[in-house]
Amino acid sequence: MQKRTLFALLAVLAAACSPAAGAARPTPDPASSAGRGAQLFSGTGRCASCHALTAGTIIVGPPLAGVASRAGTRVPGMPAEIYLEESILHPNDFLVPGFEMAQMDSTLAKSLTTTDVADLVAFMQTLQ
Ligand code: HEC
């Protein structure tokens with residue numbers, strides 16, 4: 001059931017997500033880790049101000065559509081989950097080709113709890 005809701009949501013996201021629609025976007029089951037992550041992602045001044053969820057849309061950073069699928073291929077030997085976590089905690093350790101150092105604020109992580117980071121990773125893992 002929860003998975004079904006998530007898939008329906010992702011279809012809506014894919015169709016309707018644009019930077020302007022960010023605030024109105026529905027989220028996965030808000031009680032789930034991915035649901036909390038989705039809310040954190042769209043929070044004011046957070047991830048969604050730089051990352052679109054639609055392929056091809058660059059705000060400041062790369063769009064995160066499909067990030068779950070490529071996360072495990074970015075750094076040899078580094079599993080997807082760790083890469084996604086590292087992307088938040090140490091954004092400059094690996095730079096996505098075509099993007100510059102220090103654009104993703106490394107102090108951002110300081111405003112997030114360990115649970116917040118885990119929830120954001122859970123959310124990004126739904127972005128197949
Ligand atoms: C000020 C703009 C900005 C904000 C805010 C921001 N990012 Fe980023 N992000 C970037 C840029 C630029 C890159 C590419 C350079 C790099 O790899 O550090 C990036 C890279 C990433 C990547 C790697 C994507 C890939 O394809 O490998 C992930 C994952 C990511 N960000 C997640 C997040 C999350 C989660 C948040 C919120 C907690 C966030 N970002 C907030 C600008 C931003």
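Not measured: the values here are computed from a predicted model. Indexing begins at 1, ligand by ligand and atom by atom, following the structure's order.
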Should [X] and [Y] count as side-chain neighbours, where that means a heavy-atom distance under 4.5 Å?
| X | Y | value |
| --- | --- | --- |
| Ile88 | Met124 | yes |
| Pro63 | Ile58 | yes |
| Pro62 | His51 | yes |

From [options] - option closest to [atom] by heavy atom:
| atom | options | value |
| --- | --- | --- |
| atom 43 (C) of ligand 1 | Cys50, Ser49, Ala48 | Cys50 |
| atom 11 (C) of ligand 1 | Ser111, Cys47, Gly43, Gly61 | Gly61 |
| atom 18 (O) of ligand 1 | Pro91, Pro62, Ser69, Gly98 | Pro91 |

Query raised in the report: For the atom pair CG (Asp116) and CD (Gln39), what is the distance rounded to the nearest 0.5 Å?
Result: 11.0 Å
Query raised in the report: Nearest 0.5 Å, what's the SG-CG distance between Cys50 and Leu108?
Result: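 Reported to 0.5 Å precision, the distance equals 8.5 Å.
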Query raised in the report: Hey, is Tyr83 one of the residues with a heavy atom under 4.0 angstrom from ligand 1?
Result: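 Yes.
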For [X], atoms of ligand 1 separated by under 4.0 Å from a heavy atom:
| X | value |
| --- | --- |
| Arg74 | 25 (C), 26 (O), 27 (O) |
| Arg46 | 5 (C) |
| Arg70 | 26 (O) |
| Phe99 | 14 (C), 15 (C) |

Applying a 4.0 Å heavy-atom criterion (strictly less than), which segment of [X] is in contact with ligand 1: side chain, backbone, both, or neither?
| X | result |
| --- | --- |
| Ile88 | side chain |
| Ser87 | side chain |
| Leu40 | neither |

Query raised in the report: Any idea which heavy atoms bring Gln125 and Ala68 closest together, and the distance?
Result: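 Scanning both residues completely, I find the closest heavy atoms to be O-CB, 3.4 Å.
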Query raised in the report: More than 12 non-hydrogen atoms from neighbouring residues, nucleotides or ligands closer than 6.0 Å to CD on Glu81, yes or no?
Result: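 Count not over threshold, so no.
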Report task. Look only at interatomic distance and state if Leu120 has a nitrogen or oxygen under 3.5 Å from any nitrogen or oxygen of ligand 1. Result -> no
Query raised in the report: When you look at Phe123 and Leu40, which way does the side chain to side chain contact (heavy atoms under 4.5 Å, CB included) test go after all the steps?
Result: CA-CA 9 Å; Phe123 169 61; Leu40 284 168; over 6 Å; no
Query raised in the report: Under the ring-ring contact (aromatic ring centres under 6.0 Å, His included) rule, what pairs show up with a residue in residues 60-88, not counting sequence neighbours?
Result: Tyr83-Phe94
Query raised in the report: Counting backbone and side-chain atoms alike, does His51 have an N/O/S atom under 2.8 Å from atom 8 (Fe) of ligand 1?
Result: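 Yes, His51 qualifies, because one of its backbone or side-chain N, O or S atoms lies under 2.8 Å.
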